[in-house]
Amino acid sequence: KNEVEQSPQNLTAQEGEFITINCSYSVGISALHWLQQHPGGGIVSLFMLSSGKKKHGRLIATINIQEKHSSLHITASHPRDSAVYICAVTGNQFYFGTGTSLTVIP
Amino acid sequence: DGGITQSPKYLFRKEGQNVTLSCEQNLNHDAMYWYRQDPGQGLRLIYYSQIVNDFQKGDIAEGYSVSREKKESFPLTVTSAQKNPTAFYLCASSQNLYPGQGYNEQFFGPGTRLTVL
């Protein structure tokens, strides 16, 4: 069993839709990270959070430490949001989810 | 601009050859990491280094070697002993290695795609 599970694995949305990607983890953590990987392969860190909620533009990340669960929301989705979104946690080491591939259709 | 660079972006290797992937950072980060990414799998840790002249094996170190002679550089050698080296390799760095040591957000390089012919 993976320490970090993401759902869904693949997601297709129409432009403008509200999108939610979920992440559950099974280890004790000090922080959770949401990463974005574009088709070229490079990875960008979107959020690092250990409690509550963070917002950056159209992206919102929440975490529930008691339930060991986090969500990444994208409001008013746009084709340029198409990417793989990876959830990672830092416990005694980094653990990565397998990613959610998002395609936003114009 | 501060960041992490990896070279080359694409690399082709014949079976039986060793090949070295470059990773340089100018963020003044103490910790550096090498990951391997395969389709349908999460990133897997190959090696990491907390300080110069020190490095530790990750989950899949067999067939790989690293060095950390300078703070800003952490090259990865894929040896002929690595049985399935075709993959996407990502280098990352962070200010500190583990939680409890402070800020630990990782910054990633653009990656190197290695193909064995």
Side-chain angles (χ1 to χ4, degrees), chain A residues 1-11 21-51 54 56 59 61 63 65 68 70 72 83-101, chain B residues 2-11 21 23 25 27 29 31-50 56-61 87-115:
Chain A
K1 183 183 185 301
N2 292 333
E3 290 81 1
V4 180
E5 300 277 357
Q6 288 184 235
S7 64
Q9 281 190 306
N10 298 284
L11 182 56
I21 300 171
N22 294 300
C23 174
S24 296
Y25 54 92
S26 58
V27 294
I29 71 169
S30 61
L32 183 142
H33 308 256
W34 281 102
L35 311 171
Q36 181 189 55
Q37 185 172 31
H38 278 282
I43 292 178
V44 174
S45 177
L46 298 174
F47 295 103
M48 182 178 74
L49 65 166
S50 54
S51 65
K54 285 191 176 180
H56 184 234
L59 274 60
I63 187 169
I65 296 294
K68 295 190 173 181
S70 174
L72 176 67
V84 175
Y85 292 85
I86 300 170
C87 174
V89 299
T90 40
N92 58 359
Q93 64 179 80
F94 280 93
Y95 298 96
F96 293 85
T98 55
T100 295
S101 179
Chain B
I4 300 178
T5 57
Q6 289 185 242
S7 61
K9 189 170 177 67
Y10 298 96
L11 188 56
L21 282 60
C23 178
Q25 55 99 359
L27 300 167
H29 284 170
M32 297 187 75
Y33 315 79
W34 272 106
Y35 294 97
R36 170 181 172 140
Q37 188 179 38
D38 295 282
Q41 296 192 42
L43 275 69
R44 293 185 289 168
L45 182 63
I46 304 172
Y47 268 97
Y48 62 97
S49 167
Q50 189 171 4
Q56 304 295 328
K57 292 182 178 180
D59 300 322
I60 55 166
F88 187 61
Y89 291 88
L90 282 155
C91 178
S93 70
S94 66
Q95 189 167 341
N96 301 102
L97 180 58
Y98 281 138
Q101 297 181 15
Y103 188 64
N104 58 6
E105 181 178 4
Q106 286 198 338
F107 293 81
F108 289 84
T112 293
R113 192 166 298 279
L114 173 64
T115 303

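Every chain is numbered from 1 and lettered A, B, ... according to where its sequence line falls, protein lines coming before strand lines. Model, not experiment: these values are computed from the prediction.
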Notebook entry, point to check: Which bit of Leu90(B) is near chain A, if near means a heavy-atom gap under 4.5 Å: side chain, backbone, both or neither?
Noted result: side chain
Item checked: Counterpart residues, side chain to side chain contact (heavy atoms under 4.5 Å, CB included), relative to Ser45(A) (two or more places apart) -> Leu35(A), Glu105(B)
Margin query: Test of understanding: with salt bridge (charged side-chain N to carboxylate O under 4.0 Å, His left out), list the residues that count as partners of Asp59(B), not counting sequence neighbours.
Written below: none
Item checked: Region of Gln37(A) that comes under 4.5 Å of a non-hydrogen atom in chain B -> side chain
Margin query: So for atom CD, which belongs to Gln9(A), do other residues, nucleotides or ligands contribute more than 12 heavy atoms lying within a distance under 6.0 Å?
Written below: no
Margin query: Looking only at the aromatic ring of each residue, does the gap between the centers of Phe94(A) and Tyr35(B) stay below 6.0 angstrom?
Written below: no
Next item on the list: Could you have a look at Val84(A), Thr98(A), Val44(A), Ile43(A) and say which one has the most heavy-atom pairs with chain B under 4.5 angstrom?
Entry: Ile43(A)
Item checked: Heavy-atom contact with chain A under 4.5 Å, split by part of Gln37(B) -> side chain
